[in-house]
Amino acid sequence: MKKRVAQIFKEHLGENPPINKPKQKEFGHYAVPIFKYAKENKQNPVEFAKNLCEKVKCDEFESVEAVGGFVNIKLSDKFLNDFANRVIKEKKDFGKGSGKEKILLEYVSANPTGPLHIGHARGAIFGDSLARIGRHIGYDITTEYYVNDAGRQINLLGLSVYLGAREILGLDVVWPDEYYRGEYIKDLANEAIEEFGEDYFKNPVEILEKEGKKEAKFEDEKLSLWAKDKMLEEIKKDLEALNIVPFDNWVSERSLYKYWDEVRSILEKNGALYEKDGKIWLKSSEYKDEKDRVVVREDGRPTYLAGDIIYHWDKFKREYDRYINIWGADHHGYIARVKAAIKFLGFDPDKLEILLSQMVKLLKGGEPYKMSKRAGNFILVRDVVEDVGADALRFVFLTKKADTHLEFDVDDLNKKDSSNPSYYVNYAHARICSIFDNAKKSYDDMLEIEFKDLNEDEKDLLFLALQLPYVLEDAFSNREPHRLTNFLIDLASEFHSFYNKNKVLGSEKEDIRLKILAVVGIILNLGLSLLGIEAKERM
RNA sequence: CUCCCGGUAGCUCAGUUGGAUAGAGCGUCGGAUUCCUAAUCCGAAGGUCGUGGGUUCAAAUCCCGCCCGGGAGACCA
């Protein structure tokens, strides 16, 4: 819609002018500021606007007016009718595009050492909605979860389960300083006893004192990997509870290490590595990193960074137009070194976009919750979902920008009133469904209706609903799905207001108003589904 | 010390890429239901957009300095 308007102005101004939304509805649907053009032509802005009005008048605009330095435009009924018919015909396909960039989107990638906590949920919901929106408007998106199934934390998981099992069996246990706590370890330990038998746990774990810290000597890959697989199943369940579209790929860190020699030789060939103090370092400081990083330890084992380098090498070999990673904000220090590595591998680091999802501060009854993965007192996704439902949680997360700190009280999400925006938007949708039920009509019946003599309220509501495609483009290209959420809240608000002011059924404009509501209903439904929320037909 | 994020109404946050009188929800106060779902609506009060400069017809928005809050800075993953 906007494009068409810009086109008309271009004929007279020589370029596409900015097309703005007027601050006040009375000014019309679109406003074009002409200050810049007036200056170029050395004319008074007010005069210039008046002259321009005469030039751009046509049947697609109901009115064109000059107010101050702006040209304000109102669209005609016919213009709006055409777009409304498209919405009603296409329904959930409205605004669908195709043939855009091929994108690899990696998100969540939480360590498989415990269930998802509320911080993970934010990244998960953010990535999922981004993928849904992007796919709708025509991006070819592959979603991926990187599983850190190698290294110390997996060993620690196995150890925790082993010790947990011994405790359950009444055997003596010496706890080291580091191990995973929490209820889920106890559950896992119980399962492990069933799976492996009691005898499996009869040997005590040796504890070594090292620099004043108690460290466990534990090497049981079989149990560790078993526990990891169990945790992955839990994580999948948590993701499902959040209504996350299943990931296309699960990439295992462990499975990638076999390529290390190959990747290492590429790095060496490109002069990225050097040896110092018996370790091998990456010259990441040549590319904006603060200092060089170790990739191989003295004992010859590659570090976590090495794993990440292999992973990104693998990603870039798969040839996407763009790579998007969603990381927790606490990982921002890794951006520079990973990008440096990509550069050293001979790929273009600008193709990798790293989005950070900031911390969530959870309150309950005004009291802060401290989250920690190691200690057992973090907030589990499943608890919150059970408490308030996935829809409400998704909605709250998606009303805010992902890269800003967010604070909210779980108690607020339990309220089933307008303080809970997901109810507010759903209620609007349910009301529309109810009106159509009462009218015994379907959305498709509305295609026969032609708009005429639309009043301001009707036009405003319809016009707002028709902004959806523009909002989707905007939300995706800025990687800000919250723009869609806020749009839906606005639309619901506009509808509720309309509803209270204007009778639909039984009025002489019943048909026309029903048609407008059909458009609003479809847009609300579509918008919610792109946020991963099921629109309710009844409340 | 370096880097990242933020500072907008009492609280939680938007602000469509630089436009007209600064926005919403919650909270406070006052109203609306013989009628399509009151889980809703209408109205009022509430602001030096952290601060100082710069850029221009125009700055909450862009640039620089400073102040305050949060986070990150591993041979951990």
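Order of the sequence lines sets the chain letters (A, B, ...), proteins ahead of strands, with each chain counted from 1.
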Measure the distance from [atom1] on [X] to [atom2] on [N] and round it to the nearest whole Å.
X: A:F397; N: B:C13; atom1: CZ; atom2: P; value: 12 Å
X: A:E510; N: B:C35; atom1: CD; atom2: P; value: 18 Å
X: A:N500; N: B:C36; atom1: CG; atom2: P; value: 11 Å
X: A:L406; N: B:U12; atom1: CG; atom2: P; value: 11 Å
X: A:N486; N: B:G25; atom1: CG; atom2: P; value: 12 Å
X: A:I435; N: B:C36; atom1: CD1; atom2: C1'; value: 5 Å
X: A:F395; N: B:A24; atom1: CZ; atom2: P; value: 17 Å
X: A:R483; N: B:G15; atom1: CZ; atom2: C1'; value: 9 Å

**Asked** Looking for any heavy atom pair under 4.0 Å, which part of the strands does A:N155 touch: base, sugar-phosphate only, or nothing?
**Response**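 Contact class for A:N155: none.
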**Request:** Using a heavy-atom cut-off of under 4.0 Å over every strand shown, decide if A:K288 touches base, sugar-phosphate, or nothing.
**Result:**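 No contact.
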**Prompt:** A:Y304 pairs by side-chain contact (heavy atoms from CB on, under 4.5 Å) with which of A:N148, A:V294, A:V295, A:I309?
**Reply:**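 Output: one option passes, namely A:N148.
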**Request:** For the pair A:H120 and A:H117, name the ring-plane relationship: parallel under 30°, tilted 30 to 60°, perpendicular over 60°.
**Result:**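 Aromatic pair A:H120/A:H117 classed parallel.
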**Item:** Parallel, tilted or perpendicular: ring planes of A:Y274 versus A:W281, cut at 30 and 60 degrees
**Value:**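 It falls in the parallel class, under 30°.
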**Item:** Among B:G15, B:C5, B:A72, the nucleotide that comes nearest once only the side chain of A:H332 is considered
**Value:**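 Closest of the options to the side chain of A:H332: B:A72.
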**Prompt:** Where is the tightest heavy-atom contact between A:L159 and A:F218, given as atom of each residue plus distance?
**Reply:**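 Scanning both residues, the minimum pair turns out to be N-CE2, 3.2 Å.
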**Message:** For the P atoms, the ones on B:U40 and on B:G27, what distance do you get once it is rounded to whole angstrom?
**Reply:**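 These two P atoms come out 11 Å apart once rounded.
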**Atom C1', compared across B:C5 and B:C13: separation rounded to whole Å** =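 So the two C1' atoms sit 15 Å from each other.
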